[in-house]
2 protein chains.
Amino acid sequence: MPVWERPEPQPRAVPVPLSREKIAATAIRLADANGLDGLSLRKIAKELGVGPMRLYDYVINKSELLDLMVDVVYARIAEVGQRSGWRDTVLAVAHATRDAALDHEWFSDLLGGRPHLGPHALAVGEATAAALSAAPGVRDIDDLQRAVGALNAVIIGSVRREVTERRTARSTGTDEAAFQASLGPYLTRMLKTGRYPTVARLVIDGAHLNAEETFNHNLTTILDGITRERPA
Amino acid sequence: MPVWERPEPQPRAVPVPLSREKIAATAIRLADANGLDGLSLRKIAKELGVGPMRLYDYVINKSELLDLMVDVVYARIAEVGQRSGWRDTVLAVAHATRDAALDHEWFSDLLGGRPHLGPHALAVGEATAAALSAAPGVRDIDDLQRAVGALNAVIIGSVRREVTERRTARSTGTDEAAFQASLGPYLTRMLKTGRYPTVARLVIDGAHLNAEETFNHNLTTILDGITRERPA
DNA sequence: GTATTGGTGGATACATCGTACGGTAGGAAG
DNA sequence: CTTCCTACCGTACGATGTATCCACCAATAC
């Protein structure tokens, strides 16, 4: 039953040599261009020069197609392989995840929203878990489980946050003037009520921190937390 | 233009005394029952005994309605108010967010997926930012911005993760037998390939950690990281 | 060689969604 | 009383995911 190992059906004659890989690839391309909302089975089929129902010979559901797409991205993430130290490996996987999410923003919409159990997702999970199990402060399985959970939470949260910020920045226009024109009036008025002084300081005086540095900061913060010994 | 302060339109005669609050309330009730996918403007309208188009007198978009719903939830989160110490305040807000997401699972689908700029969302942001600005190790605005970002990332990631786990647990059935029947075969076979030894140990030997404790663990981990001094 | 049958691929059809649009009724003004 | 304008409301449209049905083709039986 599970998604990633259903047998590849063989087209009788070869009118269009379709495959799950090909379908997933064009779906990813369309999702990159138009977002998840702009993705539809009919558009994918049209892009492939096929009727919409042909896709159901290769894919049970739209959600199964999404699982397929997600695992293709994980395949790219898994390519980073193993580094010398546990920390370098964890950092490499985390950055690969972030890079993938920035290249495929729809990926961040799916991050944490469904269990990632595809073979490549499992490979990524294996790589990070194996690396973390070698970290100091991770003594038994419970420690490892907590460490994996904490790390994944930070990755998911940070990436989602960054992608959302990028989207609003793009929609409002990246320059300051356009921002002030769209969200500015409401937000400015809201902040001038004096009810949100700290938020106001953050918005007005806060420098625009570099996104990658912020991601690194979050990563090192939990990794340091994981590393530090805790009382049993 | 922004969502949360459009004037409340006044129905000419009072055929059905509709209001944005009432619409948001029934939308939340339906989303709690059927999830975000099961939520449609037509169902909301039918629930209110009104034609679908009436809702557009009070709401521009479906996405604006979602913003409204989100801010209603934030109103409940904001109720926790201020505690004695900065850490207690942060923990209270975080737990209130988690509780709200567990009560309204659709909320976690929207967490981090769009900017939360409603008045109550801003109030929550103000509360946490003000508390964090009093934390040791947070010296200037950049520190505060980093701290807020890291904390929010952990909250978003942890909550999303927990809700997703709860959903799959519910869909596969909560007991071990049903789990083995649905995901078990595939996952067991996958893990027996030997390609994912660490993940296998986690799944097989790993105890089911208490969800709230895990959340607390993640929180204390970043809070400790934020608190600890870093080299300038 | 012909008829039949089984299976497969594609097109049509359906329920549902968000939302645009045009008619209509009812109150205000002359 | 008539006329106009505004504000409400139902209908309609395009798009979606997916079930169903139909026609065609290949292989087999006679």
Side-chain angles (χ1 to χ4, degrees), chain A residues 1 3 6-20 22-24 26-31 33-70 106 109-110 113-114 171, chain B residues 1 3 6-20 22-24 26-31 33-70 106 109-110 113-114 171:
Chain A
M1 168 201 176
V3 179
R6 297 200 308 126
E8 179 93 17
Q10 204 64 16
R12 182 168 55 177
V14 268
V16 176
L18 228 48
S19 70
R20 282 214 296 281
K22 204 167 292 189
I23 293 176
T26 70
I28 287 175
R29 191 157 36 86
L30 289 181
N34 311 111
L36 261 195
D37 293 344
L39 183 70
S40 77
L41 293 178
R42 308 172 108 101
K43 289 178 188 169
I44 299 170
K46 177 169 292 185
E47 188 81 7
L48 289 168
V50 172
M53 284 300 104
R54 287 254 6 227
L55 301 185
Y56 283 88
D57 296 334
Y58 301 83
V59 158
I60 288 186
N61 263 343
K62 183 173 186 181
S63 84
E64 184 184 286
L65 176 60
L66 294 180
D67 286 335
L68 243 45
M69 295 165 64
V70 165
W106 52 268
D109 296 325
L110 268 20
R114 56 182 64 215
S171 79
Chain B
M1 167 206 177
V3 178
R6 297 200 308 126
E8 177 94 18
Q10 203 65 15
R12 185 167 53 177
V14 269
V16 177
L18 229 47
S19 71
R20 284 215 294 283
K22 204 168 292 187
I23 291 175
T26 70
I28 287 177
R29 192 155 38 85
L30 289 181
N34 311 112
L36 260 196
D37 293 343
L39 183 70
S40 77
L41 293 177
R42 309 173 108 100
K43 288 178 188 169
I44 300 171
K46 178 170 288 185
E47 188 80 8
L48 290 167
V50 172
M53 284 299 106
R54 287 315 91 245
L55 302 185
Y56 283 87
D57 295 334
Y58 300 84
V59 158
I60 287 185
N61 263 342
K62 184 174 184 179
S63 83
E64 184 184 285
L65 175 61
L66 294 180
D67 285 336
L68 243 44
M69 294 166 64
V70 166
W106 51 267
D109 296 325
L110 268 22
R114 57 180 66 214
S171 80

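Heavy atoms only: backbone and side chains are in, while hydrogens, waters and symmetry mates are out. Just so it is clear: chains get the letters A, B, ... in the order the sequence lines come, proteins before strands, and each one is counted from 1.
Between B:Leu55 atom CG and C:dA20 atom C1' there is a gap of 15 Å when expressed in whole angstrom units. Residue A:Asp57 contributes atom CG, which lies 16 Å from atom P of C:dG7 at whole-angstrom precision. Whole-Å rounding puts the B:Arg54 CZ to C:dC21 C1' distance at 12 Å. A straight line from CG of A:Leu36 to P of D:dT16 spans 14 Å, rounded to a whole angstrom. A straight line from CG of A:Leu30 to P of D:dT16 spans 11 Å, rounded to a whole angstrom.
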For nucleotides 16-19 of chain C, tabulate all protein N/O to nucleotide N/O atom pairs closer than 3.5 Å, reporting atom names and distance.
residue: C:dC17; atom: OP1; partner: B:Ser40; partner atom: OG; Å: 3.1
residue: C:dG18; atom: OP1; partner: B:Leu41; partner atom: N; Å: 3.4
residue: C:dG18; atom: OP1; partner: B:Lys62; partner atom: NZ; Å: 2.7
residue: C:dG18; atom: OP2; partner: B:Leu41; partner atom: N; Å: 2.9
residue: C:dG18; atom: N7; partner: B:Arg42; partner atom: NH1; Å: 2.3
residue: C:dG18; atom: O6; partner: B:Arg42; partner atom: NH1; Å: 2.8
residue: C:dG18; atom: O6; partner: B:Arg42; partner atom: NH2; Å: 3.3
residue: C:dT19; atom: OP1; partner: B:Asn61; partner atom: OD1; Å: 3.4
residue: C:dT19; atom: OP2; partner: B:Tyr56; partner atom: OH; Å: 2.7
residue: C:dT19; atom: OP2; partner: B:Lys62; partner atom: N; Å: 3.1
residue: C:dT19; atom: O5'; partner: B:Tyr56; partner atom: OH; Å: 3.1

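Residues satisfying the side-chain contact (heavy atoms from CB on, under 4.5 Å) criterion with B:Lys46, sequence neighbours excluded, are absent altogether. Evaluation of the side-chain contact (heavy atoms from CB on, under 4.5 Å) rule for A:Arg114 yields A:Ser63, A:Leu66, A:Asp67, A:Leu110, A:His116 as partners, not counting sequence neighbours. Shown here are the salt bridge (charged side-chain N to carboxylate O under 4.0 Å, His left out) partners of B:Arg42, two or more places apart in sequence or in another chain: there are none.
Without hydrogens or angle criteria, A:Lys43 side chain to A:Gly38 main chain gives a donor-acceptor distance under 3.5 Å.
Taking the side chain as every heavy atom from C-beta outward, B:Leu65 and B:Tyr58 never approach each other to under 4.5 Å. You'll find the side chain of B:Arg20 stays beyond 4.5 Å of the side chain of B:Ile23, heavy atoms only.
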